[in-house]
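Everything below concerns the one structure shown next.
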Amino acid sequence: MGKKPSSPPIIIIRNLNKEFGKKKALIKINLTLKEGDFLTIFGPNGAGKTTLIRIISTIISPTSGEIEINNKKLSQDPLEIRQQIGLVSHNPFLYGDLTAYENLLFYGEMFNLKRVKERADQLLKKVGLSHRKFDLVRTFSRGMLQRLSIARALLHNPSILLLDEPYTGLDPLATQIFDEIINSLKKERCHTFIMTSHDLEKGFLFSNRLAILVDGNLVFETDQKKISPENFKKIYWEKVKGDEIF
Amino acid sequence: MKFFKSIIILIKKDVKTELRTKEIFTSMFLFVFLTLIIFNFAFIGKEINQNLMVGIAWAIFLFASVLGLSRSFIHEKDTGCLEGLMITPTDRSVIYFGKAIGNLFFILIVEAISIPMFSLFFSEESFLRSPLQLFGVLFLGSLGISSVGTLLSAITINTKARELLLPILLFPVIIPVLISVVKLTIYLVTADPFINPNFWMNFLIVYDIIFLLIAFLTFEYVIEE
């Protein structure tokens, strides 16, 4: 993994709470991630995984608690934090009536990037979509949308990449291509990842940190090296009490 | 500077999308055209009161605007792009102003095409007597509709009956704008001495400024659900 033993924390989450009316979506979440970490958060539907990702990416505000990213508080400096975060969700955040290239140019301009055309070309090549550069995004398959979504998230070269159930709706071939892109990003060692997933095996293989979220509580967190895949599966099922059917 | 640049980028994107799909413009324009035909048949052989005609014109513009306003956040919401915009390092009010100016642009285009059609259908040239002043009234009236409508469109976008809810919320709030623009337009068409144009013009400007300020201050909370 890209984890450096002496690297300082890049993300610190302290006592994070989120309530939607009377419903407590997240309860006292505490997490610390170092540069190069790949944390996968597992949990059943409605556990609060997406809510956590939405708070870290500044889409919604927490009810209480604080998040620090690169020594900047999310509540005080959200614009600066957005410069450092890329988000890939099951929703690609792409405009169907614009071409792949126009989508990247639009987001690149919103991020105030210089040489945005060059960067868009470079990323389209990286995700293998150069040949569909001038095609309308609404003609893309689900797999192609997710690849383009990665290119969109990487436009501003973020140090933190948030992956919110990125495999939703992907067929095996698209999943394989997506895996290759994530692996090549990991090899670059310049990103810290937080991924949410239902896929225990894939999440275990990708990560150096594992966490389980149930009913808004972070019930388990460990280094991947300290646990075997079998034990992790066992712990996962104990924690979610067999609620989830895969 | 970046604030205004981001607004322009957003408007350019919306105009480009609209030029491709023609969804908003076509529905607004067709609505105005068909309503004019219906009124034309209704008033055949009758002398039309100019005050009534002005009221009809603004009612048609308002209903046509609702068609455009209700679509303004749908693309963003259905494709998740609203969240995509929310994670860009720009103030959230950029999204509001980009959308509000885009809506204003579409409403003004439809009005610009409709005014000559009004003259044609009702053989009424008085609409075009003071084109500059008329443009001023159309601009301020449409700005009022767009500023309030865009904010309410963002509020209703997360509801199931969003296309029903928008007019229900919009019409009561927009009444002061409608009264002002109708009074001002009647003044331009008939030079009615009982209408004080300065009062209504100032009223309209203050209304527009207040609602633009309210939207600027609240939009961040509105789109955060």
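Just so it is clear: chains get the letters A, B, ... in the order the sequence lines come, proteins before strands, and each one is counted from 1. Reckoned from all heavy atoms, side chains included, excluding hydrogens, waters and symmetry mates.
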Carboxylate-amine/guanidinium contact Glu102(A) Lys12(B), below 4.0 Å: no
Least distance between heavy atoms, Pro89(B) atom then Leu79(A) atom: CB-O, 3.5 Å
Which residues share a ring-ring contact (aromatic ring centres under 6.0 Å, His included) with Phe31(B), sequence neighbours left out: none
Residues, nucleotides or ligands: over 12 heavy atoms within 6.0 Å of Lys202(A) NZ: yes
4.5 Å side-chain heavy-atom contact, Ile60(A) and Met86(B): no
Audit row: Leu98(A), Thr17(B), side chain to side chain contact (heavy atoms under 4.5 Å, CB included) steps and yes/no: CA-CA 7 Å; Leu98(A) 298 182; Thr17(B) 310; 3.9 Å; yes
Ile8(B) vs Glu109(A), side chain to side chain contact (heavy atoms under 4.5 Å, CB included): CA-CA, chis, key distance, verdict: CA-CA 10 Å; Ile8(B) 292 166; Glu109(A) 285 172 353; over 6 Å; no
More than 12 heavy atoms of other groups within 6.0 Å of Lys16(B) NZ: no
Minimum side-chain heavy-atom gap Ile59(A)-Ile87(B) below 4.5 Å: yes
Heavy-atom closest pair, residues Arg92(B) and Thr58(A): NH2-O, 2.7 Å
Sub-4.5 Å side-chain heavy-atom contact between His156(A) and Thr88(B): no
Rounded distance (nearest 0.5 Å) linking atom CG of Asp97(A) with atom CG of Leu19(B): 11.5 Å
Heavy-atom pair with the smallest gap, counting every atom of Thr99(A) and Arg20(B): N-NH1, 4.0 Å
Side chains of Cys81(B) and Tyr107(A) in contact at under 4.5 Å (non-hydrogen atoms): yes
Minimum side-chain heavy-atom gap Phe106(A)-Leu10(B) below 4.5 Å: yes
Over 12 non-hydrogen atoms of neighbours within 6.0 angstrom of CG in Asn71(A): no
Under 4.5 Å from any heavy atom of chain B - which part of Leu105(A): neither
Results of ring-ring contact (aromatic ring centres under 6.0 Å, His included) for Phe211(B) - residues two or more places apart only: Tyr207(B)
CD on Glu83(B) to CG on Asp164(A), rounded to 0.5 Å: 9.0 Å
Atom CZ of Phe43(B) with >12 non-hydrogen neighbours under 6.0 angstrom: yes
Portion of Ile85(A) that has a non-hydrogen atom of chain B nearer than 4.5 angstrom: neither
Under 3.5 Å: donor-acceptor pair, side chain of Glu224(B), backbone of Ser61(A): yes
pair Met110(A)-Thr90(B): side-chain heavy atoms closer than 4.5 Å: yes
